[in-house]
Amino acid sequence: MDSSTQIPWHLLQSFAAMTRHKSLSAAASATGASQPTLSRHLSQLEERVGHRLFYRDTSGLEPTPEGLNLQVYAERMLEAAAGISVEDTSDGPVAGTVRITASRVAASYLLPPMLQALRLRHPRLSVELVASDETHNLLRREADLAIRMYRPTQSDLIARKVAELPLGVFAARSYIARRGLPEHIGDLHRHDVIGYDRSTLIIDGMARMGMKVERSFFAFRSDDQVACWNMIRAGCGIGFGQVAIGRDDPDLVQIQPTLDIGSLPVWLAAHAELRSSPRVRRSFDALAEAFKAF
């Protein structure tokens, strides 16, 4: 990469997202930008460097040799930027923007009331919520805070386990009125059950309970957990989800509430340097406190 070529920072960020996620749609989902915006950024970048940067086919985006060279440069710039502390630790009012990434389920059902409480407490704070099941890199400032259902392993992160969310078996009242309530977990063989498509997490969980099933066992299948949850609510069948979400839905019934089918740990993570930032520190502490309710 010719150091004399000045590339706007936002174009490098968009390019890096496209190289990591291999498609415009996935990069748009990860960054919160629209596909037309990313496409425009790519055109501007290719015009600026004078080379085509991606091959485009049905499988997505594949970097050209020039794209691979630029990728090395972009990654180096992102790593350098990640080491720069961007905010002091003054004791003034909390202001600015905090960018939070969480799974689609957490972002859709758990976080909205927490973020509303955070905003009421700090009215000068703006919140960007990235709802994605992909892992965003806090070390590269893709987000300030991350809510994850596993323990982060990167050494440069501040991480705290803030909750353990029990899982349960649920069905809509409309489904139970039509098909009846299973008395035992083994009765699921006589019911419509909602499960994942490619993921084996539910199959593995059922095996631990003594029920060996295959993918074809599920009447409705999707790897999108929000879609699965909405299928439960629509009365498509019996499914699995977080008790904290299901117990507040008047249209759902928890089947065998005493049945232990496991739980999901919740970890809150932030970059070690950003942890000293007032907006990030206050947001981190507020979310950690909110999750104690579970």
So with a 6.0 Å cut-off around CZ of R221, is the heavy-atom count from everything else above 12?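 Enclosed.
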With a sphere of 6.0 Å drawn around CZ of R121, does it hold more than 12 non-hydrogen atoms of other residues, nucleotides or ligands?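 No - once you tally the heavy atoms of other residues, nucleotides and ligands closer than 6.0 Å, there are 12 at most.
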Can D223 and R198 be said to form a salt bridge (Lys or Arg N to Asp or Glu O under 4.0 Å), step by step? CA-CA 7 Å; D223 285 324; R198 290 166 297 178; 3.1 Å; yes
In this structure, which one of D248, D249, I245 forms a side chain to side chain contact (heavy atoms under 4.5 Å, CB included) with Y109?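 Of all the options given, the one that passes is I245.
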Side-chain heavy atoms nearer than 4.5 Å, only ILVMFWY residues, links allowed to pass through others: does that put [X] and [Y] together?
X: W267; Y: L287; value: no
X: L70; Y: Y55; value: no
X: L252; Y: F220; value: yes

In Å and rounded to the nearest 0.5 Å, what is the [atom1] to [atom2] distance from [X] to [Y]?
X: M211; Y: I203; atom1: CE; atom2: CD1; result: 11.5 Å
X: R48; Y: S43; atom1: CZ; atom2: OG; result: 13.0 Å
X: L165; Y: Q242; atom1: CG; atom2: CD; result: 5.0 Å
X: R247; Y: Q254; atom1: CZ; atom2: CD; result: 9.5 Å
X: H51; Y: N69; atom1: NE2; atom2: CG; result: 8.5 Å
X: S103; Y: Q225; atom1: OG; atom2: CD; result: 6.5 Å

Contact check, side chains of [X] and [Y], non-hydrogen atoms, under 4.5 Å:
X: F217; Y: M206; answer: yes
X: L125; Y: V98; answer: yes
X: H271; Y: V280; answer: no
X: R215; Y: D197; answer: yes
X: S132; Y: R104; answer: no
X: L68; Y: T19; answer: no
X: L110; Y: V266; answer: no
X: S14; Y: M18; answer: yes

Ignoring hydrogens and angles, tell me if any N or O in the side chain of R148 forms a donor-acceptor pair with the backbone of Y150 under 3.5 Å.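 No, the answer is negative, given that no donor and acceptor are paired below the 3.5 Å cut-off.
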Check for a donor-acceptor pair, side chain of D144 on one end and backbone N or O of R99 on the other, with a separation under 3.5 Å.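 It does hold such a pair.
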What verdict does the side-chain contact (heavy atoms from CB on, under 4.5 Å) test give for S283 and L145, after you've listed the backbone C-alpha separation in whole Å, the side-chain angles of each residue and the deciding distance to 0.1 Å? CA-CA 8 Å; S283 301; L145 296 175; 3.7 Å; yes
Go through the steps to decide whether D187 and R190 satisfy the test salt bridge (Lys or Arg N to Asp or Glu O under 4.0 Å), and finish with yes or no. CA-CA 6 Å; D187 292 342; R190 296 191 293 273; 2.6 Å; yes
Is there a side-chain contact (heavy atoms from CB on, under 4.5 Å) between Y196 and L201? Walk through the geometry before answering. CA-CA 8 Å; Y196 296 147; L201 286 175; 4.0 Å; yes
Over all heavy atoms of both residues, which pair between [X] and [Y] is shortest? Give the atoms and the distance, please.
X: I202; Y: G195; result: CD1-CA, 3.8 Å
X: V193; Y: L188; result: CG2-O, 3.8 Å
X: Q256; Y: I185; result: NE2-N, 3.2 Å
X: S23; Y: A26; result: OG-N, 3.0 Å
X: S263; Y: E164; result: OG-OE2, 2.7 Å
X: A171; Y: I255; result: CB-CD1, 3.9 Å

Taking the ring centre of each residue, are F15 and Y73 less than 6.0 Å apart?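 No, ring centres 6.0 Å or more apart.
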What do the steps show when you test D204 against R208 for side-chain contact (heavy atoms from CB on, under 4.5 Å), and what is the final call? CA-CA 6 Å; D204 296 340; R208 289 192 294 270; 4.1 Å; yes
Given side-chain contact (heavy atoms from CB on, under 4.5 Å), test R160 with F284 step by step and report yes or no. CA-CA 10 Å; R160 184 192 306 176; F284 187 106; 3.5 Å; yes
Check the pair R56 / E46 against salt bridge (Lys or Arg N to Asp or Glu O under 4.0 Å), numbers first and verdict last. CA-CA 14 Å; R56 300 167 179 83; E46 288 180 330; 3.8 Å; yes
